[in-house]
Peer 1: 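So that we are looking at the same thing, I have put the structure below in structure tokens.
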2 protein chains.
Amino acid sequence: MNLRELSEKLGLSQTTVSRALNGFPEVSERTRKRVLEAAERYNYRPNTRAQSLATGRARAIGHVITLDTSHEMMNPIFGDFIAGAGSVYAGAGYEMILSVVRAEEELDAYQDMASRRSVDGIIVHGPRVGDPRPELLDRIRLPFVVHGRVPGYDGPYSWLDINNRRAFRRGTEFLIELGHRRIALLNGLENLDFALRRRAGYESALDAAGIPVDTGLLGSGEMTETHGYLGLRRMLDRPDPPTAVLCASMLQAIGARRALDDAGLRMGRDVSIVIHDDMLSYLRNGDALPLFTALRSSVRKAGERCAEILLEKIATGDQTPTRELWESELMLGRSTARAPHLLDTER
Amino acid sequence: MNLRELSEKLGLSQTTVSRALNGFPEVSERTRKRVLEAAERYNYRPNTRAQSLATGRARAIGHVITLDTSHEMMNPIFGDFIAGAGSVYAGAGYEMILSVVRAEEELDAYQDMASRRSVDGIIVHGPRVGDPRPELLDRIRLPFVVHGRVPGYDGPYSWLDINNRRAFRRGTEFLIELGHRRIALLNGLENLDFALRRRAGYESALDAAGIPVDTGLLGSGEMTETHGYLGLRRMLDRPDPPTAVLCASMLQAIGARRALDDAGLRMGRDVSIVIHDDMLSYLRNGDALPLFTALRSSVRKAGERCAEILLEKIATGDQTPTRELWESELMLGRSTARAPHLLDTER
DNA sequence: CAAACCGTCCAAAGCGCTTTGGGGTTGAGT
DNA sequence: ACTCAACCCCAAAGCGCTTTGGACGGTTTG
């Protein structure tokens with residue numbers, strides 16, 4: 001069933017049917033009702049491709065997922081972010097177009113979406129140092145919202161980020177208050193913006209407390225269980241191991257916990273762990289009493305909000321950037337305790 | 001830059017330019033070369049919407065992701081499956097359209113994709129008991145491939161599945177050979193087809209060995225760390241706890257391991273664990289020596305293959321169903337050992 | 001009572017592509 | 001010299017929608 005057929009059934013012109021369906025005022029309520037009922041009955045829905053060809057708007061948003069050539073990692077937060085963004089698109093009648101490409105084809109994928117007119121806007125994932133994407137998107141005039149911030153790019157772009165620096169500063173301070181002085185950081189890949197900020201927050205808290213940064217306690221890698229395990233194990237093998245660890249993600253923390261178990265150490269009592277919890281749906285950090293003490297912020301909500309911001313930008317055509325910085329919430333869990341040497345003294 | 005502009009620049013008709021770009025034989029090699037070079041220079045790419053309006057083919061594949069209303073779980077395997085499918089689409093010049101909807105809007109989402117002509121085919125995720133989707137898709141004549149199989153549906157549809165039954169039978173047999181008799185199953189949600197088959201495989205191995213099924217050793221729930229933890233903890237609290245556990249996923253196994261740690265038990269020595277490993281990129285089960293003994297099969301590869309099958313179906317218009325049943329590979333890891341009572345005797 | 005106006009509807013153009021159905025131009029064959 | 005493929009190319013229709021610029025009665029206004 002297409003518009004022509006529907007209008008013939010109704011004995012109306014395509015124009016009138018189209019206007020009735022799209023809520024234009026120049027059609028009487030009686031006819032509109034008749035049209036809507038017929039559309040319902042015949043299960044008519046406008047052909048999106050024809051619609052977007054006629055209007056010039058695709059009513060679709062693009063997400064480009066880049067697979068690192070070496071390990072082809074899928075970011076674990078991706079699913080929940082997409083779930084958030086996707087439900088907003090669905091509610092607004094937009095489609096989500098996903099493009100999965102290898103790193104070297106990344107820029108071309110954006111170009112493609114733009115020049116083929118298949119999307120009206122784009123969400124930029126995982127901004128990194130020297131990221132060429134914002135500049136490209138600005139140049140080809142494709143509206144976009146960055147999930148995170150682009151280090152070194154000072155164009156007037158829209159973004160939504162969590163305050164990674166403050167979160168990790170807060171987490172580190174919390175551990176320092178508990179008496180820890182040998183505090184490790186298992187960070188994300190440090191070519192990514194969020195990881196750099198987390199590192200900065202961690203270092204600034206140590207600085208403020210007069211604790212020197214020990215590069216032996218710094219680890220950086222992908223958000224995997226394996227990396228958490230290997231990272232902490234390496235540190236525990238050192239002569240002066242950490243008594244506390246900040247983990248960039250729950251997966252890493254799970255790996256770190258395994259390293260503790262292997263070493264016969266008990267999480268909390270022997271080594272404290274603070275994590276950043278993205279509240280992934282398949283990795284719940286306990287409900288009433290969290291397993292890990294965590295700085296948490298929902299990546300699902302971030303996906304929703306990024307989508308909202310982008311849709312609004314597209315709808316209004318407004319050029320002024322929207323920026324949101326969300327604070328993570330500190331949740332006390334069972335993975336942190338006073339530093340072991342203090343407990344010894346107190347005992 | 002559109003086709004008209006490009007053809008004007010070249011002094012050719014739109015027809016010729018179109019044919020040159022699409023590799024039709026009735027254009028001389030010299031002109032084709034000229035056209036391709038100009039297209040490259042002006043960075044011309046055909047407008048997808050116009051293209052699909054003209055051809056009647058959308059060159060897009062739909063994936064509908066259903067968010068359970070209660071907990072809104074995102075399936076952890078989703079990311080890697082999508083990565084696999086997505087790279088195949090990208091290679092074939094297809095778009096991937098993702099629709100994230102609440103359960104009650106699911107069928108409507110499929111209807112929508114079909115009648116709006118926004119996709120040429122669909123991948124069906126997570127088939128379950130009494131699944132209405134294959135029938136609907138058959139009725140509206142939208143080609144589809146099911147990842148898994150649809151219990152109780154005997155239409156001639158295409159699917160790709162792993163041999164869940166045999167995998168879990170094999171895993172259970174392996175544990176029985178090690179002397180275990182109290183073997184628990186931490187399964188997925190048992191309204192889903194794959195979980196039913198795994199349960200059947202587990203039970204058939206027990207039957208064959210003359211071991212009665214103890215419902216106290218059966219757990220079923222989502223693929224989360226929490227469910228693995230709670231499930232095993234409950235079993236360990238029983239008077240006659242299991243000495244071995246089969247886990248439907250690595251996340252559950254990680255939770256199960258935590259339950260063991262809490263109970264002061266050692267994985268492998270006290271309680272053996274066998275998992276099904278989907279080889280998720282962010283949950284690697286060790287490389288040379290796996291942490292968990294596992295039946296493994298790459299969900300990424302499954303995504304690739306599902307996409308290939310669907311694209312082929314669409315290209316050829318072939319109605320005969322394609323079906324593939326993949327066997328999981330048994331990988332020995334460090335999570336399994338002979339049953340404790342045997343070790344005692346041998347000692 | 002004519003003019004202006006309003007509410008309701010329509011014919012037709014146009015979005016950017018593909019595809020049908022030819023139409024010139026060559027060069028070989030007769 | 002003429003025919004006839006073969007080869008290249010083109011004009012125009014059509015995909016299903018939106019949107020412009022009226023048309024057509026009926027009502028209100030000066």
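Below, chain A is the first sequence line, B the second, and so on; all start at residue 1.
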Peer 1: Name all residues meeting the side chain to side chain donor-acceptor pair (under 3.5 Å) criterion together with B/E40; count only those two or more places apart in sequence or in a different chain, and write none if there are none.
Peer 2: none
Peer 1: Measure from NZ or CZ of A/R323 to the centre of the six-membered ring of A/Y157 and say whether it is under 6.0 Å with the direction within 45° of the ring axis.
Peer 2: yes
Peer 1: For B/W159 versus B/V145, what's the shortest heavy-atom pair and its separation?
Peer 2: CA-CG1, 4.3 Å
Peer 1: Who pairs with A/R4 by side chain to side chain donor-acceptor pair (under 3.5 Å), at least two apart in sequence or on another chain?
Peer 2: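 Here the qualifying residues are A/E8.
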Peer 1: For DNA chain D, determine which residues of residues 48-56 of chain B have any heavy atom closer than 4.0 angstrom to one of its atoms, and list them numerically.
Peer 2: B/L53, B/A54
Peer 1: Would you say B/E135 has more than 12 foreign heavy atoms packed within less than 6.0 Å of its CD?
Peer 2: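 12 or below, so no.
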Peer 1: For B/Y89 and B/H63, I'd like to know if the aromatic rings sit close, meaning centre-to-centre distance below 6.0 Å.
Peer 2: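 Here the rings of B/H63 and B/Y89 have centres that are less than 6.0 Å from each other.
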Peer 1: When the distance from CD of B/E26 to P of C/dT20 is rounded to whole Å, what number comes out?
Peer 2: 10 Å
Peer 1: Looking at A/R117 and A/D112, is there a salt bridge between them, counting it only when a charged N and a carboxylate O are closer than 4.0 Å?
Peer 2: no
Peer 1: Regarding B/T31 and B/S28, is there a side-chain donor-to-acceptor distance under 3.5 Å anywhere?
Peer 2: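 Indeed, the side chains of B/T31 and B/S28 share at least one donor-acceptor pair under 3.5 Å.
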Peer 1: So which atom in A/G126 and which in A/D131 form the shortest heavy-atom distance, rounded to 0.1 Å?
Peer 2: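 Minimum heavy-atom contact is O-OD2, 4.1 Å.
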Peer 1: Using a heavy-atom cut-off of 4.0 Å across all strands, would you classify A/R117 as base, sugar-phosphate, or nothing?
Peer 2: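 The answer is nothing, as A/R117 stays clear of every strand by at least 4.0 Å.
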Peer 1: Base, sugar-phosphate alone, or nothing: which one does A/T15 contact when heavy atoms must sit under 4.0 Å apart?
Peer 2: base
Peer 1: Tell me whether the guanidinium CZ or amine NZ of B/R57 lies under 6.0 angstrom from the six-membered ring centre of B/Y94 and within 45° of its axis.
Peer 2: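 No cation-pi geometry.
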Peer 1: Are side-chain N/O atoms of A/S118 and B/E95 paired as donor and acceptor at under 3.5 Å?
Peer 2: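 Short answer, yes.
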Peer 1: Salt bridge check: are A/E304 and A/K301 linked by an N-O gap of less than 4.0 Å?
Peer 2: no
Peer 1: Give the angle between the helix axes at the two ends of the helix from C/dC1-D/dG30 to C/dT30-D/dA1, taking five base pairs at each end and rounding to 10°.
Peer 2: 60°
Peer 1: Would you mind checking if A/E37 and A/R34 are paired as a salt bridge, meaning a charged N to carboxylate O distance below 4.0 Å?
Peer 2: no
Peer 1: Below 4.0 angstrom, which residues in residues 29-37 of chain B have at least one non-hydrogen atom near DNA chain D?
Peer 2: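 Listed by number, they are B/T31.
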Peer 1: Considering only heavy atoms of chain B and a distance under 4.0 Å, specify the first and last nucleotide of DNA chain D in 5' to 3' order that meet this criterion.
Peer 2: D/dC8 to D/dG16
